[in-house]
Amino acid sequence: MATTTLAGRVRLVLTSPPYGAMTHGQVRSRRDRASAVEKYAHRYSRDRDRRAANLAYQRPEKLADSFTRIMAACRTLLAPGGVVVVTTRPYRKNGELTDFPGQIAEAGARAGLVQVDRCAALLCAVREGEVVSRTSFFQLIETRRLRKGGWPVHVIQHEDVLVFTNPDPEQHTVDGRAAA
């Protein structure tokens, strides 16, 4: 990306990391004439050869490193005063809450970006003047499953919006070399 004609010219990069099949997809239920709850469109690729390089199939510890490289590549694109905005949310794996926004903030710092803001974006709608939850089906199912098991959990109702800027107009990459 560093050799692109866009290097140093982009004012805004907006992105969201992949979470894998655990939080994405569509569902059909009996209401939709399914025999049970069926999940579909939750795979990023059916091609096994392409899955190895696809971030959505990486383990969480490797995903953080990969996202650091993505943030470093975004940094080379930024114009002076430009920002990288990342929407992300915490998630549960085996009942444990993972601070994915914290991991993304660390990835931005490792890439040489400076976090200038962190906001909460509510996952809701406003209907007839009332705030209504827009929780995903997968969040509801996981929360219900954990509560049945005695875990004191709540549905995640927000995404973190992390805003980063490039402090160095020389546009250095994550390993310290100047971008082309």
Engineer: Stepwise, does the side chain to side chain contact (heavy atoms under 4.5 Å, CB included) test hold for Val153 with Arg147?
Structural biologist: CA-CA 7 Å; Val153 298; Arg147 283 185 175 177; 4.1 Å; yes

Engineer: If we only count heavy atoms from C-beta on, is the Glu96 to Arg92 side-chain gap below 4.5 Å?
Structural biologist: no

Engineer: I'd like to check Leu140 versus Val155 (side-chain heavy atoms, cut-off strictly below 4.5 Å). Are they in contact?
Structural biologist: yes

Engineer: Which heavy atom in Arg118 sits nearest to a heavy atom in Gly102, and how many Å separate them?
Structural biologist: NH2-N, 4.0 Å

Engineer: Roughly how far, to the nearest 0.5 Å, is the OG1 atom of Thr165 from the CG atom of Asp117?
Structural biologist: 12.0 Å

Engineer: Ser133 vs Gln157, test: side-chain hydrogen bond (donor to acceptor under 3.5 Å, both in side chains). Steps then yes/no.
Structural biologist: CA-CA 7 Å; Ser133 174; Gln157 292 289 304; 3.1 Å; yes

Engineer: Can you give me the closest heavy-atom contact between Pro167 and Leu113, atom names plus distance?
Structural biologist: CD-CA, 4.3 Å

Engineer: When clusters are formed by joining ILVMFWY residues with side-chain heavy atoms under 4.5 Å apart, either directly or through shared neighbours, do Val84 and Ile70 land in the same one?
Structural biologist: yes

Engineer: Measure the CD1-CG distance between Ile156 and Leu97 for me, rounded to the nearest 0.5 Å.
Structural biologist: 5.5 Å

Engineer: So do Leu162 and Gln115 actually touch side chain to side chain, heavy atoms under 4.5 Å?
Structural biologist: yes

Engineer: Shortest non-hydrogen contact from Met71 to Ala107?
Structural biologist: CB-O, 4.4 Å

Engineer: Where do Tyr91 and Asp99 land on the side chain to side chain contact (heavy atoms under 4.5 Å, CB included) test, with the steps shown first?
Structural biologist: CA-CA 7 Å; Tyr91 64 87; Asp99 180 18; over 6 Å; no

Engineer: Would you check if Glu106 and Thr68 make a side-chain contact, meaning some heavy-atom pair closer than 4.5 Å?
Structural biologist: no

Engineer: Mind checking whether Leu12 and Val163 sit in one hydrophobic cluster, side chains of I, L, V, M, F, W, Y counted as touching below 4.5 Å?
Structural biologist: yes

Engineer: Between Asp65 and Phe67, is the side chain to side chain contact (heavy atoms under 4.5 Å, CB included) condition met? List the steps.
Structural biologist: CA-CA 5 Å; Asp65 290 338; Phe67 207 74; over 6 Å; no

Engineer: Between Arg89 and Asp160, is there a side-chain N and carboxylate O pair less than 4.0 Å apart?
Structural biologist: no

Engineer: For the hydrophobic clusters of this structure (ILVMFWY residues joined by side-chain heavy atoms under 4.5 Å, transitively), does one cluster hold both Val114 and Leu14?
Structural biologist: yes

Engineer: For residues Pro101 and Pro90, report the shortest heavy-atom separation together with the two atoms involved.
Structural biologist: CD-N, 3.6 Å

Engineer: Could you list the donor-acceptor pairs under 3.5 angstrom formed by side chains in residues 119-129, with sequence neighbours left out?
Structural biologist:
none

Engineer: Do Val13 and Val83 have side-chain heavy atoms sitting under 4.5 Å apart?
Structural biologist: no

Engineer: Which is it for Val86 and Phe164 under the side chain to side chain contact (heavy atoms under 4.5 Å, CB included) test, yes or no, and what are the steps along the way?
Structural biologist: CA-CA 8 Å; Val86 183; Phe164 301 90; 4.1 Å; yes

